K.L.:
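Structure provided below as structure tokens; questions to follow.
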Amino acid sequence: MNLTVSYIQERIKNFKPEIGIILGSGLGDFADNFESVKIPYKDIPGFENSEVQGHKGQLIFAKVNGKNTVIMQGRYHFYEGYSMQTVTYPVKILKKLGIKTLIITNAAGAVNENFNPGDLMFITDHINFMGTNPLIGKNDDTLGVRFPDMSEVYSKKLINLAQETAEKLKIKYQKGVYIATTGPSYETPAEIKMFRLLGASAVGMSTVPEAIIANYCGLDVLGISCLTNYAAGVSNNPLNHEEVIETANKVKESFKLLLSEFIKRL
Ligand code: HPA
């Protein structure tokens, strides 16, 4: 971990990030217009080379509305075969680089029948349905405790700020519980029915491992899902990745606006 941190610090000189952002499927170009230092994951000792449709795989260090920000353009997914350690390693590194706040974004299916593709949803809580936990293994006491409290993983203060920001910008939003599966298959209609009974409003294949680690190491987390499709069985349409990317692309502009205005107000 020290080698990773020192390699990055060498590249960014005395830039000290305060805010971290993980960009989800189709939302990856948020960082494209900022003057920045870009470091591909493949160049970073300790990172693995990520490749998945719709993702690039680099860290971007930039000033966003006056705030020092580090952006993960692309993330590691458990369904790609990476271990939970690999999936969450970047979050630990961002913590070591000094961030206090982590904004985690994703594309997700709408489980709540009142929500629609194109809606943004602020995550109020999550259900870990991945069947494993990124903290399994020896504990690193320099990062957090063995048995971390999980009663407010997603900061109420940040959700309030995000709501105020969305209202000011007249961007429609929802709030709800995100449930994470391993993927990569989408869910069956029966699974979605169960998830609804369990209290979930959105379903996806990411975010939860990163949020567990962020909470563990004391970061304030805001989670935003871009609802890209009705979850299985909600409508009669079969699901596909192209639809996910297409909807994410449609929402991208208002999403980027929300993100940069939110950062300004942080
Ligand atoms: N299910 C799981 N993950 C997803 C979905 C979905 O419907 N849409 C986007 N990511």
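Values reported hereafter were calculated over all heavy atoms of this structure, with side chains retained and with hydrogens, waters and symmetry mates removed. If you read the sequence from its start, that first residue is 1, and numbering goes on from there. Everything quoted here is computed from the prediction, not taken from an experiment.
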K.L.:
Could you note down all residue pairs passing ring pair (Phe, Tyr, Trp, His ring centres under 6.0 Å) where residues 162-203 supplies at least one of them, sequence neighbours left out?
P.N.:
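Qualifying pairs: F122-Y173, F129-F195.
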K.L.:
For G183 and Y79, which heavy atoms make the closest approach, and how far apart are they?
P.N.:
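Shortest heavy-atom separation between G183 and Y79 comes out as C-CB, 3.9 Å.
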K.L.:
Measure the spacing between OG1 of T105 and CG of L222 and express it to the nearest 0.5 Å.
P.N.:
10.0 Å
K.L.:
Nearest 0.5 angstrom please: E152 CD to M150 CE, how far?
P.N.:
12.0 Å
K.L.:
Within the 4.5 Å heavy-atom criterion, are N133 and I212 side-chain neighbours or not?
P.N.:
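The answer is yes; the side chains approach within 4.5 Å.
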K.L.:
My understanding is that only residues two or more places apart in sequence, or in another chain, count here; which of them pass side chain to side chain donor-acceptor pair (under 3.5 Å) with D141?
P.N.:
N139
K.L.:
Does any N or O in the side chain of S254 come within less than 3.5 Å of the main-chain N or O of I171, such that one atom is a donor and the other an acceptor?
P.N.:
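Such a contact is absent between S254 side chain and I171 backbone.
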K.L.:
Do side-chain atoms of T69 reach the backbone of K67 as a donor and acceptor pair under 3.5 angstrom?
P.N.:
yes
K.L.:
Test of understanding: with side chain to side chain donor-acceptor pair (under 3.5 Å), list the residues that count as partners of K38, not counting sequence neighbours.
P.N.:
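Partners of K38 by the side chain to side chain donor-acceptor pair (under 3.5 Å) criterion come out as none, since no residue qualifies.
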K.L.:
Using a strict cut-off of less than 4.0 Å between a Lys/Arg side-chain nitrogen and an Asp/Glu carboxylate oxygen, indicate whether E261 and R265 qualify as a salt bridge.
P.N.:
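Yes, E261 and R265 are salt-bridged.
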K.L.:
Could you check whether N249 and K252, counting side-chain N and O atoms only, form a donor-acceptor pair closer than 3.5 Å?
P.N.:
yes
K.L.:
Show every ring pair (Phe, Tyr, Trp, His ring centres under 6.0 Å) that has at least one partner inside residues 242-266, sequence neighbours left out.
P.N.:
none
K.L.:
Sequence neighbours left out, what passes side-chain contact (heavy atoms from CB on, under 4.5 Å) with P40? Give chain and number order.
P.N.:
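Here the qualifying residues are K42, D43.
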K.L.:
Any chance you could measure L259, atom CG, to I71, atom CD1, to the nearest 0.5 Å?
P.N.:
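Those atoms lie 8.0 Å apart.
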K.L.:
Kindly write out the residues that satisfy side chain to side chain donor-acceptor pair (under 3.5 Å) with K264, not counting sequence neighbours, or none if the list is empty.
P.N.:
none
K.L.:
Let me confirm one number: the NZ-NZ distance from K92 to K95, rounded to the nearest 0.5 Å.
P.N.:
13.5 Å
K.L.:
Could you check whether any side-chain heavy atom of M130 comes within less than 4.5 Å of a side-chain heavy atom of P209, counting everything from C-beta outward?
P.N.:
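Heavy-atom side-chain distance check passes, below 4.5 Å.
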K.L.:
Give me the atom names and distance for the closest heavy-atom approach of Q174 to N114.
P.N.:
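So the two residues come closest at NE2-O, 4.4 Å.
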K.L.:
Compare all side-chain heavy atoms of I99 with those of I19 and state whether any distance is below 4.5 angstrom.
P.N.:
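No; the side chains remain at least 4.5 Å from each other.
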K.L.:
Are V145 and L219 connected into the same hydrophobic cluster when the rule is that any two of I, L, V, M, F, W, Y join if their side-chain heavy atoms are below 4.5 Å apart?
P.N.:
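In one cluster with L219: V145, no.
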K.L.:
Under a single-linkage definition using a 4.5 Å side-chain heavy-atom cutoff for Ile, Leu, Val, Met, Phe, Trp and Tyr, are L23 and I93 assigned to the same hydrophobic cluster?
P.N.:
yes
K.L.:
Give the C-alpha distance, both sets of side-chain angles, the deciding distance and a yes or no for salt bridge (Lys or Arg N to Asp or Glu O under 4.0 Å) between K168 and E164.
P.N.:
CA-CA 6 Å; K168 182 189 162 235; E164 284 169 27; over 6 Å; no
K.L.:
Cluster question for you: counting only ILVMFWY and a side-chain heavy-atom cut-off of under 4.5 Å, with indirect links fine, are L120 and V111 together?
P.N.:
no
K.L.:
Test side-chain contact (heavy atoms from CB on, under 4.5 Å) on F61 and L59; report intermediate values, then the result.
P.N.:
CA-CA 7 Å; F61 295 84; L59 283 185; 3.8 Å; yes
K.L.:
Can you name the nearest heavy-atom pair linking L258 to A162, along with the distance?
P.N.:
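Looking at all heavy atoms of both residues, the shortest contact is CD1-O, 4.1 Å.
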K.L.:
Is F115 linked to M194 within one hydrophobic cluster, defined over Ile, Leu, Val, Met, Phe, Trp and Tyr using a side-chain heavy-atom separation of less than 4.5 Å?
P.N.:
no
K.L.:
Given I192, which of I179, L197, V203 fulfils the side chain to side chain contact (heavy atoms under 4.5 Å, CB included) condition?
P.N.:
V203
K.L.:
Are the side chains of I123 and M121 in touch, meaning some heavy atoms are under 4.5 Å apart?
P.N.:
yes
K.L.:
Report yes or no: does K170 contribute a side-chain atom to a donor-acceptor pair with the main-chain N or O of E167 at less than 3.5 Å?
P.N.:
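Checked: no pair found.
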K.L.:
Step by step, would you call L135 with Y216 a side-chain contact (heavy atoms from CB on, under 4.5 Å)?
P.N.:
CA-CA 9 Å; L135 289 169; Y216 157 75; 3.6 Å; yes
K.L.:
Looking at residues at least two apart in the chain, or sitting in another chain, which of them share a side-chain contact (heavy atoms from CB on, under 4.5 Å) with P90?
P.N.:
F47, M72, Y76
K.L.:
Taking the side chain as C-beta and beyond, is there a heavy-atom pair between I21 and I263 under 4.5 Å?
P.N.:
yes
K.L.:
Mind checking whether Q58 and I39 have side chains closer than 4.5 Å, heavy atoms only?
P.N.:
no
K.L.:
Show the nearest heavy-atom pair for residues M205 and P184, with the distance to one decimal.
P.N.:
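Minimum heavy-atom separation between M205 and P184: CE-O, 3.5 Å.
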K.L.:
Test of understanding: with side-chain contact (heavy atoms from CB on, under 4.5 Å), list the residues that count as partners of T142, not counting sequence neighbours.
P.N.:
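side-chain contact (heavy atoms from CB on, under 4.5 Å) check on T142 returns K96, D140.
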K.L.:
What residues, two or more places apart in sequence or in another chain, satisfy side-chain contact (heavy atoms from CB on, under 4.5 Å) together with N68?
P.N.:
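N68: side-chain contact (heavy atoms from CB on, under 4.5 Å) contacts with F15, E18, K63.
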K.L.:
Nearest heavy-atom pair of V153 and V221: which atoms, and what distance?
P.N.:
O-CB, 3.4 Å
K.L.:
Are any of the side-chain heavy atoms of T182 and H77 separated by less than 4.5 Å?
P.N.:
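With C-beta onward as the side chain, the pair stays apart.
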K.L.:
Please report the interatomic distance CD1(I22) to CG(L94), rounded to the nearest 0.5 Å.
P.N.:
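Rounded to the nearest 0.5 Å, the CD1-CG separation comes out at 7.0 Å.
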K.L.:
Taking all atoms of both residues into account, what is the closest heavy-atom pair of A110 and L227, and its distance?
P.N.:
CB-CD1, 4.1 Å
K.L.:
Quick check against the 3.5 Å criterion: does T247 have a side-chain atom that pairs as donor or acceptor with the backbone of E243?
P.N.:
yes
K.L.:
Once you round to the nearest 0.5 Å, how far does OG of S260 lie from CG of N65?
P.N.:
5.0 Å
K.L.:
Hey, are the side chains of L198 and I127 touching, using non-hydrogen atoms and a 4.5 Å cut-off?
P.N.:
yes
K.L.:
List for me each residue that meets side chain to side chain donor-acceptor pair (under 3.5 Å) alongside N236, sequence neighbours excluded, and say none if there are none.
P.N.:
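Here no residue qualifies.
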K.L.:
Which residue pairs pass the side chain to side chain donor-acceptor pair (under 3.5 Å) test when at least one of the two sits in residues 219-231, sequence neighbours left out?
P.N.:
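Of all non-adjacent pairs touching residues 219-231, those that pass side chain to side chain donor-acceptor pair (under 3.5 Å) are N106-S225, N116-Y230.
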K.L.:
Any pair with a residue in residues 142-170 that passes ring pair (Phe, Tyr, Trp, His ring centres under 6.0 Å), sequence neighbours left out, goes on the list, sorted by first then second residue, please.
P.N.:
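Sorted result for residues 142-170: H126-Y154.
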